[in-house]
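One structure below.
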Amino acid sequence: MKTYLLSCLLFYAVFNAYCQETLSEKSNDILLENTYLTTIEKEKFFLHTNKTTYYTGEKIWFKAYIAEGSSNKPSMNTTNLFVNFYSPEKKLISSQLFYAEAGFAHGEIDLNPDLPAGTYYIDLDTNKNRNFKSGSVVPIQLLSINNNEVTEGPFYDPTVNSPQAIYEPNYTMAFYPESQTVLTDEINTIAFTIQNNQVPVKASGTIKDDATGETVTRFMSDAYGMGKFNLLYNSSFSAEINIDGIVKKFPLPIASPLGFIIQKKLQSTDANTTSISLKTNSATASNYNNQSLILVLHRNGFTKSIAPIEINKITTNYQINFLNENLFSGINTLTLFDTNNKPISEYSFWNEPENIELEVTKFTSTTDSLTLHFSMLNKLSDANLSVSVLPEATISYSNQHNIITEFQLKPYLKETGFGLAEFYNKTKGNKHSMDLLIQTAMNSNPVYGAVKTEKDLVFQPEHGVKIRGSVNSKNKDLSKYKVMLSSIENNILLVEPLKGEKQFEFDSLMLAHPTKYKLALLNHKGEIEKASFYIYKDYNTYRPDSLLTKSIPDHTKTKYKTVHEIEEIYTPILMDEEVLDEVLVKAKVESDREVLEDRITKKVRSIGFTKIHIVDEKRFIGANLVFYLRTLPRVHVAQDGRSVTIMSSRGPGAGALMKDENNNYGKQLGYNIYIDEIPINDHSELLFMQMFDVAAVTVNAIGNTINIYTKTPKLMKDISGVTTNPNIKVSETEFGFSLPTETFKNAEIYYPNQSSEELYSSIDWIPNFYLNAKTPNYLTINTKKHQNIKLFINGMNANGQLVYKMVTINKESN
């Protein structure tokens with residue numbers, strides 16, 4: 001178990017700090033006994049889509065980011081990322097598996113032209129994440145085109161601000177004491193929110209003493225309905241607001257005679273440390289005299305530091321200094337536990353992250369293209385970015401969330417009534433605003449109970465897909481038999497012994513879908529025998545929820561500034577297919593063998609010294625590759641049991657041997673062998689390759705090289721009559737990894753005028769743009785006829801440092 005121990009100093013009259021050795025002895029016991037704490041690393045997700053409003057028939061292009069909950073670093077252990085698509089009724093429409101590498105995945109979701117308009121939802125999930133039911137749910141607006149008419153849901157009018165529903169005023173005020181504790185006869189800091197029908201309100205008011213009716217202090221909320229005030233609690237109090245003649249009175253929380261208050265000190269003598277004050281009153285100090293309380297630094301239960309504090313009846317103030325480098329980036333939580341491991345005080349605060357400062361400027365431009373210069377101002381490590389490029393006037397991107405708010409805020413906060421992205425952008429993430437937000441919106445920490453470590457998880461992480469099944473053969477004793485699975489399309493060749501009498505299993509397969517794979521039964525000699533296979537349907541453990549139950553962000557309607565004057569007819573329409581007149585095409589007909597030989601010839605570097613052998617499939621059906629190589633000239637096969645070496649016998653004459661160091665003939669040279677231009681070191685692996693998978697073999701005796709070309713889909717495209725061994729079962733995947741399209745392509749949508757194109761179209765989507773911290777970075781975009789473009793940029797680096805940027809570029813400006 002990995003535990004980071006706190007480097008701290010505890011200051012008060014007669015208090016001595018524990019040394020790190022003492023802390024380490026107690027840390028394991030504390031973590032095991034405390035049901036609120038865990039060492040499980042949770043996953044966090046962020047989805048960047050190229051737009052947030054689409055028409056049916058388009059594709060949703062996306063980039064997914066997966067990070068570790070504690071560090072925000074890319075998750076290196078997550079490979080299976082499920083992208084689930086839900087209807088407006090929150091019913092599952094589709095679930096796709098994408099391969100995540102080093103915390104990143106990208107791909108597309110096809111939108112069926114028959115889908116009705118409405119708000120749809122994209123959910124990112126993994127099998128491990130099913131233990132926590134967290135994740136990232138992104139709402140997507142879908143507009144339907146049917147017979148050139150737009151079927152709009154009642155929620156959507158992109159150019160006119162829809163009238164707000166009329167409610168009777170219902171003002172509410174909620175109070176959030178610092179450390180969730182109000183202590184008698186102490187100055188307490190109380191944060192608050194003011195809302196009208198759950199909409200934040202900017203208002204002012206007074207705090208009055210209930211006993212005397214006198215005003216003791218005043219308060220005012222900000223534009224987000226939040227504020228705070230300090231109050232000496234020596235009575236009971238109420239808050240009073242007067243808004244447009246409506247007077248409302250709200251009682252403040254009742255003070256407790258016992259308790260602890262945790263606070264972050266505003267001033268610190270050392271810029272590298274954060275000072276935390278733990279204060280109480282005399283009654284509490286006497287009540288907890290000589291008890292060892294535990295102060296834990298964690299985030300969402302994931303523990304980073306533990307500090308036992310022994311309470312002395314004469315001491316009411318303690319100070320703990322944390323090195324900033326030992327804090328979490330973003331939100332931190334300090335929880336004080338009593339001797340029974342029950343929380344008695346809790347405080348959360350903001351530790352400003354060092355995020356990437358990005359500058360994007362125009363480098364050059366042409367009539368239909370634009371080259372941008374990306375510069376990292378604070379020179380952190382290289383980063384991976386995704387970039388959505390849209391017209392400046394777009395109304396198809398809501399910009400309601402970004403990678404910073406999704407990773408550093410959303411997983412830990414409850415619903416606020418306003419967009420976190422808007423709040424973060426306007427406040428620029430300053431620590432005072434962030435601390436106030438955290439105090440009023442922090443979620444209570446979950447109780448993990450028996451789930452303490454990774455092995456306790458009910459749903460374990462998955463990697464790849466599984467193929468399981470049973471085999472039937474006329475042979476009764478299959479104890480020494482094996483099953484071979486091969487897939488040229490997925491570059492897989494595996495051999496596994498049978499489990500039990502007839503069962504077989506291949507786990508953690510990186511199978512793309514849809515692709516083909518082959519199964520064969522091998523006897524103890526490695527020969528293929530006749531058999532039949534039955535394949536089970538449980539390709540993976542993960543099962544998406546048929547009905548979406550995760551929390552969904554309640555974003556307020558985005559207000560767009562319309563740059564272009566809307567014309568009467570502006571709705572885009574889907575392009576119809578054009579039917580061409582009958583045409584006559586004359587072409588030279590080539591045989592499959594000629595086509596294949598021509599493709600192999602283009603791959604060969606030294607064609608003058610290379611002999612190309614196109615495999616005669618019917619002649620060598622059932623043979624393995626080693627057998628075939630024995631039939632080729634200038635190739636000598638040395639085999640000793642299961643050990644194989646492929647050697648050359650070239651020399652001054654045909655079949656002659658090479659001279660050794662004493663100028664004597666007799667030495668044979670081992671060939672350098674490549675399979676689809678990938679070198680292999682162990683020639684014995686060729687025993688498992690069957691000729692039904694091989695298209696051609698090239699031999700260059702002068703260069704001492706053999707290239708084996710397998711029947712890849714690209715090589716065998718449009719070539720028919722491929723012969724297979726009848727004892728081989730050829731299957732097509734029913735599930736596997738969805739392969740992303742390499743290049744972004746716009747949907748075939750016709751925009752009747754400039755207005756509709758500026759409002760709804762996409763220009764480009766770049767899912768993987770690598771930002772080098774040490775060299776210039778340039779990105780060229782085909783802008784078509786758009787003069788002003790808007791970029792939405794998200795990204796992160798290997799250290800968990802994030803970047804979000806919205807940039808508007810004018811092609812004509814300098």
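None of these values were measured; they are calculated from a predicted model. Computation of the quantities below employed the complete heavy-atom set of this structure, encompassing side-chain atoms and omitting hydrogens, waters and symmetry-equivalent molecules.
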Hey, is the main chain of Leu358 close enough, under 3.5 Å, to the side chain of Lys805 for a donor-acceptor pair? yes

Mind checking side chain to side chain donor-acceptor pair (under 3.5 Å) for Glu352 and listing every partner two or more places apart, or none if nothing turns up? none

Going by the salt bridge (Lys or Arg N to Asp or Glu O under 4.0 Å) test, which pairs reach into residues 768-792, not counting sequence neighbours? Glu757-Lys785

Residue set satisfying side chain to side chain donor-acceptor pair (under 3.5 Å) with Asn84, at least two apart, ordered chain then number -> Ser95, Asp123, Tyr542

Are the aromatic ring centres of Phe418 and Phe423 under 6.0 angstrom apart? yes

Closest approach of Met796 and Asn72, non-hydrogen atoms and distance? CE-O, 3.0 Å

State the CG-CG distance between Leu437 and Leu420, to the nearest 0.5 angstrom. 6.5 Å

Would you say the side chains of Asn782 and Ser369 form a donor-acceptor pair under 3.5 Å? no

Strictly by modelled atom types, are His786 and Glu392 linked by a side-chain donor-acceptor pair under 3.5 Å? no

Is there a donor-acceptor pair under 3.5 Å between the side chain of Lys73 and the backbone N or O of Glu68? no

Given the rule in the side-chain contact (heavy atoms from CB on, under 4.5 Å) test, do Leu390 and Phe792 qualify, once you have shown the distances and angles that lead to the verdict? CA-CA 8 Å; Leu390 303 170; Phe792 297 92; 3.9 Å; yes

On a heavy-atom basis, which atom in Ser761 and which in Ser396 lie closest, and how many Å separate them? O-OG, 4.5 Å

Using side-chain heavy atoms (C-beta onward) and a distance below 4.5 Å, is Lys264 in contact with Tyr347? yes

Between Thr333 and Glu346, do the side chains contain an N or O donor and an N or O acceptor separated by less than 3.5 Å? no

Of all heavy-atom pairs linking Thr52 and Ser398, the shortest is OG1-N, 2.8 Å

For Tyr804, enumerate each residue passing the side chain to side chain donor-acceptor pair (under 3.5 Å) test, keeping only those at least two apart in sequence or located in another chain. Asn399

Short question: side chain of Asn129, backbone of Asp125 - any donor-acceptor pair under 3.5 Å? no

Whether Lys128 and Glu462 form a salt bridge (side-chain N of Lys/Arg under 4.0 Å from carboxylate O of Asp/Glu) is what I want to check. no

Do Ser75 and Glu43 have side-chain N/O donor and acceptor atoms under 3.5 Å apart? no

Spacing of CG belonging to Leu334 relative to CG belonging to Leu278, to within rounding of 0.5 Å: 9.5 Å

Verify, without hydrogens or angle tests, whether Gln408 (side chain) and Thr405 (backbone) share a donor-acceptor contact under 3.5 angstrom. no

Would Phe769 and Phe374 count as a ring pair (Phe, Tyr, Trp, His ring centres under 6.0 Å) here? Give the steps. CA-CA 10 Å; Phe769 180 67; Phe374 286 66; 4.8 Å; yes

Taking atom types as modelled, is there a side-chain donor on Ser433 or Asn430 under 3.5 Å from an acceptor on the other? yes

Donor-acceptor pair, distance only, cut-off 3.5 Å: does the side chain of Lys59 make one with the backbone of Ile109? no

Here the gap from Phe328 atom CZ to Ser70 atom OG, rounded to the nearest 0.5 Å, amounts to 6.0 Å

Taken in chain and number order and not counting sequence neighbours, the residues that satisfy side chain to side chain donor-acceptor pair (under 3.5 Å) with Thr79 are His463

Parallel, tilted or perpendicular for Phe363 and Tyr778, by the 30°/60° rule? tilted

Non-hydrogen atoms of Tyr412 and Arg299 that approach each other most closely: OH-NE, 3.4 Å

If only side-chain N and O atoms count, and only distance matters, is there a donor-acceptor pair under 3.5 Å linking Ser738 with Gln96? yes

Between the CG atom in Leu81 and the CG atom in Leu47, the distance rounded to the nearest 0.5 Å is 9.0 Å

Just checking, any donor-acceptor pair under 3.5 angstrom between side chains of Thr189 and Asn230? yes

Considering residues, nucleotides and ligands other than His373, do more than 12 of their heavy atoms fall under 6.0 Å from its NE2? yes

Is the distance between the ring centroids of Trp765 and His106 under 6.0 Å? no

Do side-chain atoms of Ser179 reach the backbone of Ile261 as a donor and acceptor pair under 3.5 angstrom? no

What are the two closest heavy atoms between Asn324 and Thr273, and how far apart are they? OD1-C, 3.3 Å

Any donor-acceptor pair under 3.5 Å linking the side-chain atoms of Glu108 with those of Thr741? yes

Check the surroundings of atom CD in Glu101: do more than 12 heavy atoms from other residues, nucleotides or ligands lie under 6.0 Å from it? no

Check: Asn351 side chain, Gly330 main-chain N or O, donor-acceptor pair, under 3.5 Å: no

Separation between NZ (Lys428) and OH (Tyr424), nearest 0.5 Å, reads 10.5 Å

Return yes if a side-chain donor-acceptor contact under 3.5 Å exists between Glu357 and Asn355, otherwise no. no

Do Glu178 and Gln263 pair up side chain to side chain, a donor and an acceptor below 3.5 Å, judged on atom types alone? yes

Close side-chain approach of Ser762 and Val389, heavy atoms under 4.5 Å: no

Which residue is it: Thr335, Thr38, Thr303? I am looking for the one with a side chain to side chain donor-acceptor pair (under 3.5 Å) to His298. Thr335

Restricting to side chain to side chain contact (heavy atoms under 4.5 Å, CB included), what partner residues turn up for Ser136, sequence neighbours left out? Phe45, Val138, Glu406

Walk me through it: do Asn777 and Asn772 pass the test side-chain hydrogen bond (donor to acceptor under 3.5 Å, both in side chains)? CA-CA 7 Å; Asn777 300 273; Asn772 192 308; 5.7 Å; no

So, the side chain of Thr371 versus the backbone of Leu779: is there a donor-acceptor pair under 3.5 Å, distance only? no

Identify whether the distance between the nearest side-chain nitrogen and carboxylate oxygen of Asp222 and Lys202 falls below 4.0 Å. no

About how many Å separate CG of Leu327 and OG of Ser305, when rounded to the nearest 0.5 Å? 8.0 Å

No-hydrogen, no-angle side-chain donor-acceptor test under 3.5 Å, Asn797 and Ser381: yes

Looking only at atom types and distance, does a side-chain atom of Asp435 sit under 3.5 Å from a main-chain N or O of Trp350, one as donor and one as acceptor? yes

Quick one: do the Asn794 and Asn402 side chains pair a donor with an acceptor below 3.5 Å? no

Run Ile320 and Leu295 through side-chain contact (heavy atoms from CB on, under 4.5 Å) and show every step you take. CA-CA 10 Å; Ile320 305 97; Leu295 185 65; 3.9 Å; yes

Compare every heavy atom of Pro200 with every heavy atom of Tyr224, then report the nearest pair and how far apart it is. O-CB, 3.2 Å

Without hydrogens or angle criteria, can the side chains of Tyr760 and Thr394 be said to hold a donor-acceptor pair below 3.5 Å? no

Closer than 3.5 angstrom, by distance alone: can the side chain of Ser386 be matched with the main-chain N or O of Phe62 as a donor-acceptor pair? no

State whether Tyr397 and Lys51 meet the cation-pi test: NZ (Lys) or CZ (Arg) under 6.0 Å from the six-membered ring centroid, and within 45° of the perpendicular axis. no

